[in-house]
There are 2 protein chains.
Amino acid sequence: MIRLVIVDDHPIVRGGLRDTFAAVEDIVVVGEAGDGAEGIDRVMARTADVVLMDLRMPGMDGVSATAALRELVPDVRVLILTTFDSERDVLPAIEAGAIGYLLKDALPDELMRAVRAAARGESVLAPSVTQHLMGQVRGPSAGSLTGREKEVLQLVANGSSNREAATALFIGEASIKTHLQHIYDKLGVRDRASAVAEGYRRRLLT
Amino acid sequence: MIRLVIVDDHPIVRGGLRDTFAAVEDIVVVGEAGDGAEGIDRVMARTADVVLMDLRMPGMDGVSATAALRELVPDVRVLILTTFDSERDVLPAIEAGAIGYLLKDALPDELMRAVRAAARGESVLAPSVTQHLMGQVRGPSAGSLTGREKEVLQLVANGSSNREAATALFIGEASIKTHLQHIYDKLGVRDRASAVAEGYRRRLLT
DNA sequence: TCGCATGTCCACCGTTCGGTGGATCCACTG
DNA sequence: CAGTGGATCCACCGAACGGTGGACATGCGA
C-alpha cells in the first residue's frame, strides 16, 4: 500500500487526483495540502511514501518544499506534477531532490504507474522533461570533461604551472587558462587545487 | 661509439634529437620509434647501447617499455627524456629500471653528457628529479603529515583559500602558509594543486 | 547547412600564492 | 637541561593564478 500526499493549490486538481487514485487499491491518499509548508506538515503527520508536488503555489513553493522534505524525511519520494516543463522549473526541482517530474497532461494511467515507480525509488520523467535534462547535463555540469580538459587537469595535478602545461601540450598559456576555467565550471570549483580534488573523487585522475 | 635509439611520439622531437647527435662523433642514432613497442623492436634489431625514452606516448608507454627492455636486453641503458618531473612519473620510471631521468628543457650539451654517462653505466638525473628522489628516500617520517597539516590539506582540497582555511581553523593566514610549505616539502611538490594530488595518491585525503 | 561542442588564442586586472628567513611557545624526551 | 618536533606568527616580493569577456576555426551531427 502506497501512502500518497497531494500538494497543489487548486482544489479542483486535488479533487481530480483524489478520484483518480480512489480507483486503485494499492495507492491511498493520506493527505492533501494547498501549499508547500502545509504539505510538509501532512507528510510529517502521516508518514507518506510519495508526495505529488505542484511547483507554483502561493506561500512555500514546490522546490523549497521538496528540498525541505528531503532534509526532514529523506525516505519520502517527491514526484513533481506541474504544468510547466521549462528548464527554469525542471532543473531546480531535480536539484532539490525530486525523484520524478510529470506534466499535468499525463494520463491517469501514466500517473499511477509513475507513483508506483516513485515508491520503488525509480525515476520517472515526462518525455519533454527528459530532453531538457539531457540537454542540460550534456552542458555545464556534465561531470565529464573533454579529452583535452582531462589532459590539462592531469598535468595540473602533476604539478605543472599553466606555462608548463602549455609547453607540454604544445599550446598557448591562454588556452590552458581557458581549459581550466571550463574545468572549474564543470566541476563546480574555483581553483586548481579543488579541481584536482574533484578529479580524484570523480575518478577522472589516477 | 655509442649506439642510440630514440623513442618519442613527436616527430619534431625526434628530428631535433637526431640533429643534436649528428653533431658529435661518438654517438650515432641507430633507430627511432614513435611508441614503446616500436622502440623495443628497434633496440632488438640494432643492439643499441642507450635508449632515449619518452614517458607519455600512445600505445605502449615509456615505463612499460623500459621494464620490458630491462627484461629482454639487460645490457641496454634506458635514459628517460620527458617533460614531466612529478613523483608519479619519476618513481615508476626508476623502478622500471631507467638509469637516468632528464627533462626536455635540458641543453644539448647536458643531453650528450648524459648519454655518455648512461653508456658508462652512470646515473644522471635532472636536478628537480633528484629532489623528488631524495624526498622519497628521506624516510617514512617525510611521508607522513602531522594532524594539523592534514587538516590544512583537506581544507585546501575542498577549495579553501589560505584565508578561508585560517578562519576555519581559528589561526592566522601566516600559519596556513607555513603549514603548506611544510606539506610541500614533505610531499615533494611545489604547489597546492599537486599537494592535493599527492594527498589522494597517498590516501591522506578522501 | 546551421548549430553546437571543442579547442585554440588574447588582454586586462586584482588577488592569491609561493619563497625566504626568520621568530616564539610548548610538550616531550634523551 | 638542552634538543627536537610541532604549531603558531610575521614581512616582503615577484610570480602565478582566477575572472571576465570576448574571438575564431574546426568538425560533427541534426
Side-chain angles (χ1 to χ4, degrees), chain A residues 87 130-199 204, chain B residues 85-86 127-128 131 135 138-198 204:
Chain A
E87 285 187 13
T130 307
Q131 280 200 325
H132 281 305
L133 205 55
M134 288 182 17
Q136 199 62 18
V137 168
R138 228 177 255 139
S141 66
S144 67
L145 305 179
T146 67
R148 204 54 160 172
E149 287 162 355
K150 275 185 234 172
E151 286 184 282
V152 171
L153 185 56
Q154 183 73 60
L155 285 166
V156 167
N158 288 345
S160 293
S161 67
N162 290 344
R163 182 163 311 185
E164 290 165 344
T167 302
L169 296 179
F170 303 105
I171 61 177
E173 196 177 339
S175 303
I176 298 293
K177 296 183 72 171
T178 303
H179 286 310
L180 278 174
Q181 288 300 329
H182 294 162
I183 291 170
Y184 299 158
D185 289 344
K186 289 184 180 178
L187 299 184
V189 299
R190 275 185 302 300
D191 59 80
R192 56 216 284 115
S194 42
V196 167
E198 268 305 305
L204 301 169
Chain B
D85 70 340
S86 77
S128 64
Q131 279 199 327
R138 213 174 275 144
S141 65
S144 64
L145 304 181
T146 68
R148 203 54 159 173
E149 286 162 355
K150 274 185 237 173
E151 286 184 283
V152 171
L153 185 56
Q154 184 73 61
L155 285 166
V156 167
N158 289 342
S160 294
S161 66
N162 290 344
R163 183 164 311 181
E164 289 164 346
T167 303
L169 296 179
F170 304 106
I171 61 179
E173 195 177 341
S175 304
I176 297 294
K177 296 183 74 171
T178 303
H179 286 310
L180 278 175
Q181 288 301 328
H182 294 162
I183 291 169
Y184 299 158
D185 290 343
K186 289 184 181 178
L187 299 185
V189 300
R190 278 188 290 322
D191 62 79
R192 56 216 284 116
S194 41
V196 168
E198 270 305 306
L204 302 169

Given [N], is OP1 or OP2 found less than 4.0 Å from the side-chain N or O atoms of [X]?
X	N	answer
A:Q181	D:dG19	yes
A:H182	C:dT6	no
A:S175	C:dC9	yes
A:T146	C:dG7	yes
A:R190	D:dG18	no
B:N162	C:dC17	yes

Between [atom2] on [N] and [atom1] on [X], what's the gap in Å once rounded to a whole number?
X	N	atom1	atom2	value
B:D185	C:dG21	CG	P	13 Å
A:E149	C:dT8	CD	C1'	12 Å
A:I176	C:dC10	CD1	P	13 Å
A:K186	C:dA5	NZ	C1'	9 Å
A:L180	C:dT8	CG	P	13 Å
B:K177	D:dA11	NZ	C1'	9 Å
B:L169	D:dA7	CG	P	11 Å
B:E173	D:dA11	CD	C1'	13 Å

Per [X] side chain, nearest of listed nucleotides [options]:
X	options	result
A:D191	D:dC17, C:dC9, D:dG18	D:dG18
A:R163	D:dC17, C:dG18, D:dA16	D:dA16
A:T178	C:dC10, C:dG7, D:dC17	C:dC10
A:R192	D:dA7, D:dC17, D:dC12	D:dC17

For the pair A:E149 (side chain) and A:T146 (backbone), establish whether a donor and an acceptor sit closer than 3.5 Å, ignoring hydrogens and angles.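 Yes: the side chain of A:E149 pairs with the backbone of A:T146.
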
Find which nucleotide of DNA chain D each of B:A174 and B:G147 is nearest to by heavy atoms, and output the residue with the more 5' nucleotide. B:G147

Heavy atoms, side chains only, cut-off 4.5 Å: are [X] and [Y] in contact?
X	Y	value
A:L153	A:E198	no
B:R192	B:N162	yes
A:L155	A:E164	no
A:I183	A:V189	no

